[in-house]
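Proteins come first, then strands; the chains are lettered A, B, ... in the order of their sequence lines, and each starts at number 1. Only heavy atoms go into these numbers, but all of them, side chains included; no hydrogens, no water, no symmetry mates.
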Number of protein chains: 2
Amino acid sequence: MDDIDRALVRRLQEDAGQSYAALGAAVGLSAGATHERVRKLRERGVILRTTVEVDPAAVGSGVLAYVMVDSRAWMGDSREAFEAIAEIQEAHIIAGSASVLVKVRTATTGQLQDVLRRLYAIDGVSGTQATVVLETFFERSLPL
Amino acid sequence: MDDIDRALVRRLQEDAGQSYAALGAAVGLSAGATHERVRKLRERGVILRTTVEVDPAAVGSGVLAYVMVDSRAWMGDSREAFEAIAEIQEAHIIAGSASVLVKVRTATTGQLQDVLRRLYAIDGVSGTQATVVLETFFERSLPL
DNA sequence: AGTGCCCGGTCGATGTCGTCCACGCGCTGT
DNA sequence: ACAGCGCGTGGACGACATCGACCGGGCACT
């Protein structure tokens, strides 16, 4: 994991569709060597997968909210319960007064309310505190 | 934006590296037609870009935290100030007691503290409330 | 210091794939 | 009924990923 690897990852984050020749030229390597480096980055698990970034508003998920979930029990074994709610994009165990933080995307605030209802139905959940996003400044990839 | 388009986007989210032939076979289309549909999805802005997903821990960002930022002034014009802090991955204007919510990734809690210091330095910021993530259940792509 | 090994690079060949074009089918509106 | 058009198919061509053979520099061991 040297400077060249970091440069490759950074450029792949911006555009994973470019050719290995172009990628290599940008960092001063041949296409073959570039291919080999990227293969190893995948093998080592640095690059998990190549995917497409989708505009949430274009696929009917214009409402974004973060929900603090309070509980009366240990939530560490409830991963599946949160995964089963399709509108939940992220779920984290957190330190602090609440015990779980989830990121929710829905088409309308009505559907958001329905997600909250389903959160209450999860075993051990004693309350929720939803924070609706009014405007997203930016969402970007990891710094290197 | 019909069922086929949604299926294409879903499969591209899982693996953007597969061939148009394989992609087309999965939805019952020829490679050429598949190529054309994906081209239009990009043109319409449904697909924003193709990128690689990187393991945060592998690139030295093992600590994740969400920070509620309180302010004594309107923060709607402060996008650049948040963008300038490289460790901030997301920044949103929110409804509620705080005014901005940011997602921060750092290598250590010490660096997290440094980010909080830099947040305080932003004009109008009157306080922060950081929530450290202990365990991430999952982070996944948008539902369709 | 000599020597052998290995990691990591260049170069070139080959088969697959993206990309474009000409054509045909079925819907729609007049 | 028919013209127009959006959307699909199939084939041709060039670019690209992918692999193997070769090579040089650094390192450990003698």
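Among residues two or more places apart in sequence or in another chain, the side-chain hydrogen bond (donor to acceptor under 3.5 Å, both in side chains) test is passed with A:Asp77 by none. Listed by chain and number, the residues in a side chain to side chain contact (heavy atoms under 4.5 Å, CB included) with B:Ala22 are B:Gln18, B:Ser19 (sequence neighbours excluded). Taking A:Arg118 as the reference, A:Glu87, A:Asp114 meet the side-chain hydrogen bond (donor to acceptor under 3.5 Å, both in side chains) condition, with sequence neighbours excluded. Listed by chain and number, the residues in a side-chain hydrogen bond (donor to acceptor under 3.5 Å, both in side chains) with A:Arg49 are B:Glu53 (sequence neighbours excluded). For A:Arg37, the side-chain hydrogen bond (donor to acceptor under 3.5 Å, both in side chains) partners two or more places apart in sequence, or in a different chain, are A:Asp2, A:Asp5.
Applying the salt bridge (Lys or Arg N to Asp or Glu O under 4.0 Å) rule to pairs touching residues 20-33 of chain A yields nothing, sequence neighbours excluded. Here salt bridge (Lys or Arg N to Asp or Glu O under 4.0 Å) pairs that include residues 14-29 of chain A, with residues two or more places apart or in two chains, number zero.
One end of the helix from C:dA1-D:dT30 to C:dT30-D:dA1 points its axis 40° away from the other end's axis, with each axis taken from 5 pairs and the angle rounded to 10°.
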Checklist entry - When every nucleotide of nucleotides 5-16 of chain D is labelled 5' to 3' by its protein contacts under 4.0 Å (heavy atoms), B for base, S for sugar-phosphate only, - for none, what sequence of letters results? => result --SSB-------
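Taking only side-chain nitrogens and oxygens, A:His35 comes nearer than 4.0 Å to OP1 or OP2 of D:dT18.
Here D:dA17 presents its P atom at 17 Å from CD of B:Gln18, a figure rounded to the nearest Å. Atom CD of A:Glu43 and atom P of C:dG8 are 11 Å apart (whole Å).
The two residues A:Thr106 and A:Thr108 have their closest heavy-atom pair at OG1-O, 2.9 Å.
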Report, one line per pair, each donor and acceptor closer than 3.5 Å where one atom sits in a side chain of residues 121-138 of chain A; sequence neighbours left out.
from	atom 1	to	atom 2	distance (Å)
A:Ser126	OG	A:Asp70	O	3.4
A:Ser126	OG	A:Ser71	N	3.4
A:Thr136	OG1	B:His92	ND1	2.9

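Other members of the hydrophobic cluster containing A:Leu142, listed by chain and number, are A:Met1, A:Ile4, A:Leu8, A:Val9, A:Leu12, A:Tyr20, A:Leu23, A:Val27, A:Leu29, A:Val38, A:Leu41, A:Val46, A:Ile47, A:Leu144, B:Val52, B:Val54, B:Val59; membership follows side-chain contacts under 4.5 Å among ILVMFWY residues, whether direct or relayed.
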Using the 3.5 Å cut-off, write out each protein N or O paired with an N or O of nucleotides 21-27 of chain D and the distance between them.
none

